[in-house]
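Structure record follows, encoded as structure tokens.
Residue numbers start at 1 and run along the sequence shown. As the structure lists them, so they are numbered: ligands from 1, and atoms in each ligand from 1.
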Amino acid sequence: MNANLDITPMQEWINTDGKPLIIAGPCSAETEEQVLETANRIKAEGYAHIMRAGVWKPRTRPGSFEGMGEPALQWLVEAKKQTGLPLACEVATPEHVELSLKYGVDVLWIGARTTVNPFNVQDLADALKGVDIPVLVKNPVNPDLALWVGAFERLQNSGLKKLGAIHRGFSNAQETKYRNSPMWQLAVEMKRLFPQLPMIGDPSHMAGKRALLTELSQRILDLNYDGMIIETHRDPDAAWSDASQQVTPEVLGTMLRELEVRQANYGADFSDELAAMRAKIDNVDRELMEVLAARMAIVEKLGEYKRDNNVAVLQLDRWKQVHADRAKQASGLGLYPEFVEELFKLVHLESIRKQTEVMSSITA
Ligand code: PEP
Ligand code: MN
């Protein structure tokens, strides 16, 4: 991809003393009390550089809580007055931009459902023409790097230089471990294309559930991202949106203190082609294993079905067909067919082993 961005270094608009930037706050601003209490508890923990809160919420289905709008901006201004924490809000329309600027929101972000639409992004870029405010762009919901890059180009064409990327993962067609699969290699590729562009991880929206927050956050730090945006709420289970992925400000504090911040030389690491390619390979390998694990989970179900219906594990015809199909698909993908054949022999052996294990287990 041929693209160039002129980016103001992050430390010129937010001082984090060289530490990863932490943006923390509730998914949504719900009530004045919730905003103020959450803000003060975040402040007391001492980790946050910026407070986030959704004022307008893009919801997949109608009827869900869609944000409190302008009154929420007033509560956020009060939160900033009490804590001194700069504010970050999501904007999806020129009207959101206008109101956010009116209330002095410090950092704007463009949500994943907006980045997918060049018309919307252009409207935002037009509304921001000549405004010198940091804008963070979440990756689009679908894994299309060009859309992500295009959003930055549109903002840049409006004169914006304080830009940063938020990697929040990509939506899935099937159910997976993650609410939004990280597909790390896309963020790594983004960093390879634009080494100067700050990369901020959003473990909350990748995870979808709090149990996965720590491992994702550590992974983000291991990849030397410039920071994280994490959702935290005074009473997570009672949150009006994204309840299952939020934690209290104190739980977040404990988690952040336990994470290891790697001392790797960030710039050099990512601008080094070799390191970037190796990171890609590591991530692809991890995904390969996740896919294999998903395959084995299906195999296990299949084994149970065969056991309960008294069908033999090995169905020779089925296996011959799998064999032929995979070899054909392999050449279509530019893979050496013999390699794929060998690989699937191993996969098949493991699948038989698993099913035999299931067969000999007691019926539930
Ligand atoms: C959010 O940050 O609350 C949000 C709506 O995120 P995303 O755009 O990543 O879905
Ligand atoms: Mn959210």
Side-chain angles (χ1 to χ4, degrees), residues 21-30 34-35 38 42 48 50-62 64-69 72-73 76 87-93 96-97 100 105-117 120-121 124 134-144 147-148 151-152 164-172 176 178-184 186-187 190 199-210 212-213 216-217 220 225 227-249 252:
L21 167 73
I22 301 293
I23 304 175
C27 177
S28 307
E30 299 163 0
Q34 171 250 4
V35 167
T38 307
I42 291 170
I50 297 176
M51 174 169 170
R52 64 150 282 155
V55 167
W56 302 277
K57 302 302 298 176
R59 304 313 300 273
T60 305
R61 308 269 311 277
S64 316
F65 169 60
E66 291 186 334
M68 296 303 290
L73 288 169
L76 288 170
L87 302 170
C89 287
E90 173 174 351
V91 289
T93 68
H96 299 166
V97 170
S100 300
V105 172
D106 302 275
V107 175
L108 305 178
W109 85 79
I110 298 182
R113 292 166 193 76
T114 305
T115 311
V116 285
N117 188 324
N120 287 4
V121 174
L124 293 175
V135 180
L136 309 175
V137 182
K138 289 206 178 197
N139 65 255
V141 282
N142 56 323
D144 182 339
L147 273 176
W148 205 3
F152 286 107
I166 298 178
H167 175 209
R168 52 76 89 187
F170 302 87
S171 60
N172 307 298
T176 70
Y178 303 109
R179 177 180 178 194
N180 292 294
S181 293
M183 306 180 86
W184 302 100
L186 280 154
M190 197 69 179
M199 183 61 71
I200 293 160
D202 178 346
S204 303
H205 291 90
M206 289 175 179
K209 45 184 163 307
R210 45 188 89 104
L212 295 175
L213 274 185
L216 283 165
S217 302
I220 284 166
Y225 281 37
M228 293 197 270
I229 177 166
I230 310 186
E231 290 186 341
T232 175
H233 190 286
R234 65 168 175 173
D235 182 5
D237 286 330
W240 296 1
S241 59
D242 290 353
S244 50
Q245 70 197 27
Q246 302 201 63
V247 291
T248 62
L252 179 56

Glu231 atom (N/O/S) at minimal separation from the Mn ion (ligand 2) = OE2

N/O/S atom name from Asp242 that is nearest to the position of the Mn ion (ligand 2) = OD2

Quick one: list whatever passes side chain to side chain donor-acceptor pair (under 3.5 Å) with Thr248, sequence neighbours left out.
->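 Scan of Thr248 (side chain to side chain donor-acceptor pair (under 3.5 Å), adjacent residues dropped) gives none.
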
Judged by modelled atom types alone, do His233 and Asp242 share a side-chain donor-acceptor pair under 3.5 Å?
->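 On atom types as modelled, these side chains do not qualify, holding no pair under 3.5 Å.
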
Go through the side-chain N and O atoms of His96 and Glu90 and say whether any donor and acceptor fall under 3.5 Å apart.
->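 No, no side-chain donor-acceptor contact under 3.5 Å.
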
Checking Arg210 side chain against Gln246 main chain: does a donor-acceptor pair fall under 3.5 Å?
-> yes

Taking the side chain from Arg59 and the backbone from Phe65, do they hold a donor-acceptor pair closer than 3.5 Å?
-> yes

Protein residues near ligand 1, heavy-atom distance below 4.0 Å?
->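 Residues near ligand 1: Cys27, Arg52, Lys57, Glu90, Trp109, Gly111, Ala112, Arg113, Lys138, Arg168, His205, Glu231.
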
Rounded to the nearest 0.5 Å, what's the gap from CD1 on Ile229 to CH2 on Trp109? Could you check?
->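 If I round to the nearest 0.5 Å, the distance is 5.0 Å.
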
Dump the intermediate steps for side chain to side chain donor-acceptor pair (under 3.5 Å) on Thr114 and Asn120, then the final yes or no.
-> CA-CA 6 Å; Thr114 305; Asn120 287 4; 4.9 Å; no

Angle in degrees, rounded to 10°, that NE2 of His205 and SG of Cys27 form at the Mn ion (ligand 2) =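 Between SG of Cys27 and NE2 of His205, the angle at the Mn ion (ligand 2) is about 170°.
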
